[in-house]
Amino acid sequence: MIRSGSIGHYKKILHFQTIRESSTPWNIRLRELAKEGLFREGLELYCQMLRSGVFPNVFTFPFTLKSCAALSLPFSGSQLHSHVVKTGCESDPYVMSSLISMYCKCSLVGNGQKLFEQSPQPRKLTVCYNALIAGYALNSQFTNASNLFCRMQRTGVAFDDVTMLGLIRICTLPMHLGFGMCLHACNVKWALDTNPSVGNCLLTMYVKCGSVDHARSLFDAMPKKDLISWNAMINGYAQNGLATHVLDLYQKMELSGVDPDAVTFVGVLSTCAHLGAHSVGRDIEQQITRKGFGFNLFLTNALINMYARCGNLTRARRIFDEMQEKSIMSWTALVVGYGMHGQGQTAVQLFDKMLSTGILPDGAAFVSVLSACSHAGLTEKGLEYFSQMDRYYGIKAGPEHYACIVDLLGRAGRLQEARELIASMPVEPDGAVWGALLSSCKIHGNVELAELAFEHVIELEPTNVGYYVLLSNIYSEVEDLDGVARVRVMMRERKLRKEPGCSYVEHKGKVHLFLADEKRHPQTKEIHRMLDGLQDLVNETDVWKQNPKKKSEGIHSEKLAIVFGLLNSQSGAEIVVMKNLRVCGDCHLFIKVVSKIVDRKIVVRDASRFHHFRDGLCSCNDYW
DNA sequence: ATAGGGTTAG
C-alpha cells in the first residue's frame, strides 16, 4: 500500500542523466490501471518505475495525478508536482490541467488557482479553464466558477461541453437553478445529440434542486440515454423519495436492455429499504452476487441498510461482520436497524463499539443512536449522548437531534422538559421538533400542550395533513367533539383534504398497496368476503363487546392489507403491514382480536417517517 | 500513448 510521502524518496533519482529505458510500456500499464480504478497499484507502479531508473514524461503524470486525486492524497500529489517541475513537464498544458484538477479534488483549490494564475496566458488552454471551473464547482464556489467562465470568454478561449459540465454542476442549489436552466436552454443540442454527459449533468442538477419533473422530461427527451442517464434518474427518484417511480423505472431499464451496474443497485436498494420491500431487496442481492459486485463499499452499505430497515438484522449483521473495510455508513445503517426494531440496547452497544474502533461519529450517526434510545426508552443514555455531542465531538446539534430528544423526553412523559428544551434551542425548531412534541402529547393525552405544539407546527408546515389528523385524534380521545370539529373547519378553510391513509404488504417480490375502501385490487372480492367474516367473529368476542374505546370504523387500509396477507402468506407466518401511522386512523383493538382469532402474529410498522407516501398514494394501482 | 467532465450509501 502506498503511504503519502513515500514518493518523495525517489526525487534524487530524477537528477541522474543516464541513458534510460523507454517509459512507454510503463505509461501504457499506468493507463490500464487508472482505467480499472486501481489507483494504489498505479502509484506503486510509478514508484517501481522510478526505482528502475525510468524517466517519467508528460504521458506519465496525468495518470499518477489522477490516482492521487482519486485517493485524495494531496501530499503525494504535491510531491508529484515537484517531479513535474524537475522533469520540465510543467510547461505542458495537459499536465498542468491534471495538476489543477488534483489539487481541487484534494480540496486545495487555492493551490490549483495559484498554479493557473502563474502559468502564462498562451499556455492556458480550454482544458486548464475546464479543470479549474470544475474544481470550483466541486468545492461549491459558484461565483468563482461563473467569473472564470466570463473571463474565459473575454480572453477568447473557446469553451466546450466539458466547460458546460463544470458550470452545470455548480447549479445544485435551488437559488442557482435559474442560471442552470439558462445553460440548459443554451445546450439543448449538446444535451440531446452529442454528448449524453451534458444531459446527465443537467438531469442531476434538476434532481438536486428537487425538480424531479424537469429531470424526467429531460430524461424522456434524451435520444441517447446511457447507463449513467438511467442511474441518474433512478437515483434522483430515490433521493426524492419517489419509491414507486424508482421500481417502475428500474423495470423499464431492464426491459430496454440496459445492464444495471453497482450504482443502479444502490438506488434501488435504498428504495427497498424505505419501503420495507424485503424480498425485492433480496432479489437484488442475488443479482449483485451473480454480477460479482460484492466488494463495492457503497453497495455493501446499501445492502446493510436495506436488510436492517426491513428487519432482517441477522443478515445485515452478517454482511457487516464480513466486511473487511467498514465506513461510518456501515455502522450507522446497522444502528438505525437495531433502533427501528426495538433493540435499543444492541444499537447503543454497537454505537459504543464504533467509537472504540476510533471512528469519529458525525451528525447522522448521533441521530441514529438518539432515535434508538428514544424508541427503546433509554432516556438517560440518550440524554448522555446528546450532551457529549458538542462537548467531546464538536458536533453542534441541529433540529434533527433536538427532534430526537424531544421525542425521547416526550415518550418518557417528561413533556415540560421537552417544551423547555425547545425554548432553549440555539437553532430554530423545525416541523419535526414540534411534531415530536405533538406526538408525545397524544401518547400522554396532554391537550393543552398539544394545542401549543400544533400552533407552531402548523406555522412551519401548514399543508402537512398528518398534524391535523394527530390533533383531531387527540381531541377525539378525550371526546372533545368541538375540538374535532374545529380541526375539520380549519382543514376545510385551508382547502386541505386528509390524504387517504394507505397500508401495504409485500408478497412475492411485489408490494401490494391499499387505500381505505380500495376496490381496485384483483383480489378485492375475496378480501372483502374474508373481512366481513372476520368482523362478524370479532363482534362476537367479549373483548370487543366490553371495550368502551371500540369504534365502528370503516374499512381501514390496514384491515385490507392484513386480510390480503392472511389470504396469501403461508400459514403461521407473521403478517407484516406497513402503514403511515400519522395519517391513518387506528384499529388496534381489531388487530388484537383478529390476531387471536386466526392465531397469527400481526405486526404493523410505521412507514410514515418515510416521506414516500405521496408517491405511493398517487399510483395505488401499481403492483409490482 | 497524455487533459478537463456526467451517476452511488447512513
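By convention in this document, chain letters (A, B, ...) are assigned in the order of the sequence lines, proteins followed by strands, and residues within each chain are numbered from 1.
- Counting any heavy atom pair closer than 4.0 Å across all strands shown, A/D226 reaches a base atom.
- Within the nucleic acid shown, A/S101 comes within 4.0 Å of sugar-phosphate atoms alone, with no base atom in reach, counting heavy atoms only.
- Checking B/dG10, B/dG4, B/dT8 against every side-chain atom of A/I328, the shortest atom distance belongs to B/dG10.
- Within the model, atoms CG of A/N301 and OG of A/S327 stand 4.0 Å from one another, a figure rounded to the nearest 0.5 Å.
- Between the side chain of A/T332 and the base of B/dG10, a donor-acceptor pair under 3.5 Å is found.
- Considering only side-chain atoms of A/N57, the nucleotide from B/dA1, B/dG5, B/dA9 that sits closest is B/dA1.
- Donor-acceptor pairing under 3.5 Å, judged by distance alone, is present between the side chain of A/S197 and the base of B/dG5.
- Side chain of A/S327, nearest nucleotide from B/dA1, B/dA9, B/dG10: B/dA9.
- When the nucleotides B/dA1, B/dG4, B/dG5 are ranked by their closest atom to the side chain of A/K66, B/dG4 comes out on top.
- Within the 4.0 angstrom heavy-atom criterion, base atoms lie near A/A364.
- Close to B/dT8, at under 4.0 Å from its OP1 or OP2, lies a side-chain N or O of A/Q239.
- Atom CZ in A/F61 sits about 15 Å away from atom P in B/dG4, given to the nearest Å.
- Residues A/E32 and A/R29 are paired through a salt bridge, judged by an N-O separation under 4.0 Å between the basic side chain and the carboxylate.
- With centroids closer than 5.5 Å and planes inclined by less than 30 degrees as the test, A/F298 and the base of B/dA9 pass as a stacked pair.
- Between the side chain of A/N139 and the backbone N or O of A/C104, at least one donor-acceptor pair lies under 3.5 Å.
- Contact between the side-chain N/O atoms of A/N231 and the OP1/OP2 oxygens of B/dT8 is not found at any separation under 4.0 Å.
- Counted by atom type alone, A/Y237 and A/R216 present one or more donor-acceptor pairs between their side chains at under 3.5 Å.
- Across all strands shown, A/N235 has heavy atoms under 4.0 Å from sugar-phosphate atoms exclusively, and none from any base.
- Judged by distance alone, with hydrogens and angles left aside, the side-chain atoms of A/D430 form a donor-acceptor pair with the main-chain N or O of A/V433 at under 3.5 Å.
- Set against B/dT2, B/dT7, B/dA9, the side chain of A/D92 has B/dT2 as its closest nucleotide.
- The base of B/dA1 sits with one of its N or O atoms less than 3.5 Å from a complementary donor or acceptor on the side chain of A/T24.
- For A/L115 and B/dA3, the CG to C1' distance is 14 Å, given to the nearest whole Å.
- The listed nucleotides are B/dG4, B/dA1, B/dG10; the one nearest the side chain of A/V127 is B/dG4.
- The A/K105 side chain lies nearest to B/dG5 when the options are B/dA1, B/dG5, B/dG10.
- If you measure from atom CZ of A/R29 to atom P of B/dT2, you get 17 Å, rounded to the nearest angstrom.
- Rounded to whole Å, the distance from CG on A/L297 to C1' on B/dG10 is 12 Å.
- Checking B/dG5, B/dT2, B/dT8 against the side-chain heavy atoms of A/N296 singles out B/dT8 as nearest.
- Nucleotide B/dT7 holds its P atom 11 Å from the CD1 atom of A/I168, rounded to whole Å.
- The separation between A/D362 atom CG and B/dA9 atom C1' is 13 Å, rounded to whole Å.
- Across B/dA3, B/dG5, B/dT7, the shortest atom-to-atom separation from the side chain of A/V263 is found for B/dT7.
- Contact annotation: side chain of A/D161 to base of B/dG5, donor-acceptor pair absent below 3.5 Å.
- Using a 3.5 Å distance cut-off with no hydrogens or angles, the side chains of A/N305 and A/R309 do pair a donor with an acceptor.
- Residue A/A365 has its side chain nearest to B/dG10 when only B/dG10, B/dA3, B/dT7 are considered.
- None of A/D160, A/N200, A/D161 except one satisfies the side-chain hydrogen bond (donor to acceptor under 3.5 Å, both in side chains) rule with A/N195; the exception is A/D161.
- One interatomic measurement links the two molecules: CD1 of A/I288 to P of B/dA9, which rounds to 14 Å at whole-angstrom precision.
- Rounded to a whole Å, the CZ atom of A/R216 is 19 Å from the P atom of B/dT7.
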